[in-house]
Amino acid sequence: MQLNDSIQGMPSNGAAHMPVLADELVNLLAPQADDTIIDCTFGAGGHARKVARELGRDAVFIGVDRDPVAKRYFDLFSQYQPFRCRFIHGNFADALEDLNQNGFEADLIYLDLGVSSMQLDRPERGFSYSYNAPLDMRMDPGRGTTARQMVNELPNAELARIFQTYGEERYARQIARRICNEREKKPFETTLQLVDAIKAAIPTPARFGAGHPARRVFQALRIAVNDELAALERGLENALSLLSPGGRLAVISFHSLEDRIVKQFFAARVGKCKCPPDLPQCVCKAQAEIRVITKRPIAPSEEEIADNPRAQSAKLRVAEKLES
Ligand SMILES: C[S@@+](CC[C@H](N)C(=O)[O-])C[C@H]1O[C@@H](n2cnc3c(N)ncnc32)[C@H](O)[C@@H]1O
């Protein structure tokens, strides 16, 4: 299917999103023809189309995305499917909670975290340090705080914390200080204004090191603007509650902060005894809720990375819910 710009909000440069680790995701989820499936991060539906090939008329497919543009891709996807389809616009943490409260059960739930190529490649969304655009970065442009508000209003120490924690930015304090000095003279409005401030704040050799000098700060701001890590933590809890026994949960993450949350979430639910080692017998009665299917996270092949450099840092983890 050729996706083009004839629908407002879709990419104008022909850059459709290439789904990452798609074959691995489908193999490990092993969809059955009549499964009920939730794709928590529908995007352009790349993973959804692969999963849909395994489904029959009795399947139910729910796509969730907080970006309203994803609904347009969902409509293109769903019109070709023989099974029931529904789109939920919103944060997957909220959507899963609502489904849970309504007694819904799913066989397979998957999350492909972060931003899509369409979001990065639409200059007006303000996600990219490569285009000049209003500093926005909201995945849902209809709600929440923008990157412009954060950069202009947060205290120096909070900006430095965000750059350090979510971007692992070595010059976090220098960049935050520079931003605070510059905004006194003129508020930040655009992405390239911020890029210039970052470049001016770091030592000259660091401007020419590996990767773009603004990459880490942009990642950090995007995570903060969209409160991505809190959504992931809440989303995982709600996803596990929604799964029927034997159901599977898969997560593709793109940086160590996300992967650590998934890894720790799985590790806390495999039933490992938490008693102090000097107790003669177990008193915590730890019960396993899941079985981890990927003992080590699955990474993309070299061929996939060569075809799609955005796959480089991806990691896939999958777990199966056990009978309670
Ligand atoms: C990497 S893309 C997914 C691409 C998709 N799997 C595909 O193959 O086309 C991530 C998508 O998840 C959405 N997203 C990220 N965090 C979200 C959240 N907490 N709730 C809902 N959608 C989210 C983004 O808006 C984006 O469209």
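For ligands, and for the atoms within them, numbers begin at 1 and follow the listed sequence.
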Looking at [atom], what's its closest protein heavy atom, distance included?
atom: atom 10 (C) of ligand 1; answer: Gly114 O, 3.1 Å
atom: atom 7 (C) of ligand 1; answer: Gly46 N, 3.3 Å
atom: atom 19 (N) of ligand 1; answer: Asn91 OD1, 3.0 Å
atom: atom 5 (C) of ligand 1; answer: Phe42 O, 3.4 Å
atom: atom 20 (N) of ligand 1; answer: Phe92 N, 2.8 Å
atom: atom 15 (C) of ligand 1; answer: Met139 SD, 3.2 Å

- Task: Using the test side chain to side chain donor-acceptor pair (under 3.5 Å), find all partners of Glu237 that sit at least two apart in sequence or belong to another chain.
- Result: Arg269
Can you find an N/O atom of [X] closer than 3.5 Å to an N/O atom of ligand 1?
X: Asp65; result: yes
X: Gln119; result: yes
X: Asp39; result: no

- Side chain, backbone, both or neither: which part of Ala44 comes within less than 4.0 Å of ligand 1 when only heavy atoms are counted? both
- Verify side-chain hydrogen bond (donor to acceptor under 3.5 Å, both in side chains) between Gln32 and Asp107, making sure each step is shown before the conclusion. CA-CA 9 Å; Gln32 304 298 300; Asp107 300 298; over 6 Å; no
- Task: Check whether NZ of the Lys or CZ of the Arg Arg86 lies under 6.0 Å from the centre of the six-membered ring of Phe74 and within 45 degrees of that ring's axis.
- Result: no
